[in-house]
Amino acid sequence: MTETSSSRPAAGAQEAPPSRLHRLMRWVPLVAPVLLWAVPCWVLLHTGQHWPGPVAPVGTALFAVGLVVMPLAMVRGHGRRQQDGAAILGDTLLGAIWVLFTWSVLLGALLRPALALTGTGDAQDRARIVTWAVLGTAAVLLVWGYAEARRVPRVRRLDVELPRLGAALDGTRVVLITDTHYGPLDRARWSARVCETVNGLEADLVCHTGDIADGTARHRRAQAAPLGTVRATRARVYVTGNHEYYGEAQGWVDLMDELGWEPLRNRHLLLERGGDTLVVAGVDDVTAQSSGLAGHGADLGGALDGADPDHPVLLLAHQPAFVDRAAAGGVDLQLSGHTHGGQIWPFHHLVRLDQPAVAGLSRHGARTLLYTSRGTGFWGPPFRVFAPSEITLLVLRSPRRGA
């Protein structure tokens, strides 16, 4: 691996304009909590069930308490106080009520008419059937989703052909981990097991495309420390994600450097074999410029400065949305994370408003391929529902390997 460009302030970098999702998100803190708690409360308790005694008033009171406690706990957990216990409570409530809201809407809209159409019971019977169906479905999905979130991700392997890749680099093994999100739940043992899995893949290049943790490097160091045990025959490279800029990004850059990873902050390295060359470049996250941190900002021109334009380029960029710039810059393959594949179904529909891809391999423009990982860890709610985590092994292929 040969280093050919140095990190520099992104003086010419331009921050991407706010997306539709970002504009919508301005209203979410006010409207979303009320909807999330009010809709299930109405569907489960007040649509003709005629529950005996105190069931309805007590249940309504519990929903009201949840509406108040969840945002308060999340503010205390993820705000300036950084109280891990509060974060765990708020995040868990958020995941649980999202699942309950989703299935209250779906089963309330679909199951109730189906029961009426088939003549099942009277109105009260149908209302109670819907309630128990929602509660049962939510309980099963939350238990399963928790297990999915806490397990070591399965390895997803795929071959990716790059037309400009030289034959000598055919078979180059690239392992991608991303969005580990070390956080309030201590996952140091999980982190060590993830690194053991990565080491078993015998990678030439190991990449981490950001969102290492929620919190500062000082607070999450123990969970991130196993990353220092990761092995690669050529290099271990890292770029920042948006969550680093919520928790002293430079501290994470310094820690990854200390652990033996190459922070590709708007610069590149060369992977060379048998006379063929692959440019491995990285950029800061697109939110870096607005962070106010001196010298941080996504700068593709700086990342490729000095690189031979005839060599294929592998780019690390945290957010898939950067692919438009990558395609314009002639990048062959961009590796990204950020989306978590939606994490808890059907949140991926909202992700699509903000990102050009949610998961998997996609083509953008004439040359550029984008691989979007569903992420290795999870953010916030400790659940993954129909969006499994992954460790990705990409085997790079040359069309000239037969020759």
Side-chain angles (χ1 to χ4, degrees), residues 25 28-29 32-34 36-37 40 61-103 135 138-153 178-194 210-227 241-248 251-252 337-345 347 374-389:
M25 290 294 284
V28 166
V34 175
L36 285 175
W37 290 91
L62 290 175
F63 276 103
V65 169
L67 173 59
V68 174
V69 169
M70 184 190 76
L72 289 178
M74 294 191 72
V75 168
R76 294 179 71 90
H78 297 289
R80 291 183 179 180
R81 295 175 183 269
Q82 294 286 302
Q83 296 179 348
D84 284 351
I88 292 170
L89 174 61
D91 293 342
T92 303
L93 286 174
L94 175 60
I97 198 60
W98 172 258
V99 172
L100 201 59
F101 169 84
T102 297
W103 292 96
L135 291 175
V140 169
L141 289 178
L142 287 171
V143 171
W144 173 64
Y146 181 79
E148 281 286 291
R150 297 302 302 268
R151 68 169 173 79
V152 175
T178 185
D179 298 275
T180 42
H181 283 285
Y182 303 123
L185 283 169
D186 187 355
R187 285 179 287 153
R189 291 179 59 188
W190 174 88
S191 179
R193 293 171 62 198
V194 167
D211 278 8
I212 294 177
D214 296 304
T216 65
R218 179 170 58 88
H219 285 119
R220 307 303 183 203
R221 183 185 183 96
Q223 295 183 59
L227 292 173
N242 57 303
H243 278 251
E244 275 85 330
Y245 294 97
Y246 308 148
E248 300 176 7
W252 281 110
H338 186 66
T339 68
H340 300 202
Q343 187 164 320
I344 304 178
W345 187 90
F347 196 78
R374 291 187 297 253
T376 309
F378 61 87
W379 172 84
F383 307 105
R384 274 187 172 270
V385 178
F386 305 134
S389 55

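Separating the CD atom in E244 from the CD1 atom in I212 is a distance of 5.0 Å, to the nearest 0.5 Å. Between the CG atom of L89 and the CG atom of L94 there is a distance of 11.0 Å, given to the nearest 0.5 Å. One distance of note links CH2 of W252 with CZ of R221; it measures 9.5 Å at 0.5 Å rounding.
Checking side-chain atoms of T376 against main-chain N and O of T178 turns up a donor-acceptor pair under 3.5 Å. Remark: side-chain polar atoms of T180 are not paired, donor with acceptor, to backbone N or O of G377 under 3.5 angstrom. A donor-acceptor contact shorter than 3.5 Å is absent between the side chain of D84 and the backbone of G183. Judged by distance alone, the side chain of R384 and the main-chain N or O of H340 form a donor-acceptor pair under 3.5 Å. For the pair Q223 (side chain) and D186 (backbone), a donor-acceptor distance under 3.5 Å is absent. Distance alone, capped at 3.5 Å, places no donor-acceptor pair between the Q82 side chain and the G215 backbone. Between the side chain of D211 and the main chain of H181, no donor-acceptor pair closer than 3.5 Å is present. Although no hydrogens or angles enter the test, the distance criterion places no donor-acceptor pair under 3.5 Å between the side chain of Q343 and the main chain of G375.
With a 4.5 Å cut-off on side-chain heavy atoms, D214 and W379 count as touching. Counting only heavy atoms from C-beta outward, the side chains of S389 and R151 approach each other to under 4.5 Å.
When all heavy atoms of V194 and P153 are compared, the closest pair comes out as CG2-CD, 3.9 Å. When every heavy atom of I88 is checked against every heavy atom of P184, the shortest pair comes out as CG1-CB, 3.6 Å. Across all their heavy atoms, F63 and P40 have their closest contact at CE2-CB, 3.9 Å. Of all the heavy atoms in G95 and P381, the pair that sits closest is CA-CB, 3.6 Å. Between G341 and A387, the closest heavy-atom pair is O-CB, 3.6 Å.
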Discussion item. Under the criterion side-chain contact (heavy atoms from CB on, under 4.5 Å), I'd like the reasoning laid out for L100 against L135: C-alpha separation, chi angles, the key distance, then a yes or no.
Written reply: CA-CA 7 Å; L100 201 59; L135 291 175; 4.2 Å; yes

Is there a side-chain contact (heavy atoms from CB on, under 4.5 Å) between W345 and T102? Walk through the geometry before answering. CA-CA 9 Å; W345 187 90; T102 297; 3.9 Å; yes

- For F383 and T92, run side-chain contact (heavy atoms from CB on, under 4.5 Å): C-alpha distance rounded to whole Å, both residues' side-chain angles, the deciding distance at 0.1 Å, then the answer. CA-CA 8 Å; F383 307 105; T92 303; 4.1 Å; yes

Could you go through the side-chain contact (heavy atoms from CB on, under 4.5 Å) check for F378 and L185 one step at a time?
CA-CA 11 Å; F378 61 87; L185 283 169; 4.1 Å; yes

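In this structure R187 satisfies the salt bridge (charged side-chain N to carboxylate O under 4.0 Å, His left out) test with no other residue, sequence neighbours excluded. Scanning for salt bridge (charged side-chain N to carboxylate O under 4.0 Å, His left out) contacts around R150 gives an empty result, with sequence neighbours left out.
Taking the six-membered ring for Trp and the full ring otherwise, F386 and W144 have centroids separated by under 6.0 Å.
Within 6.0 Å of CD on E248 lie no more than 12 heavy atoms contributed by other residues, nucleotides or ligands. When the shell of 6.0 Å around CZ of R189 is examined, it contains 12 or fewer heavy atoms from other residues, nucleotides or ligands.
Under the ring-ring contact (aromatic ring centres under 6.0 Å, His included) criterion, the residue pairs touching residues 76-102 are W98-F347, with sequence neighbours excluded.
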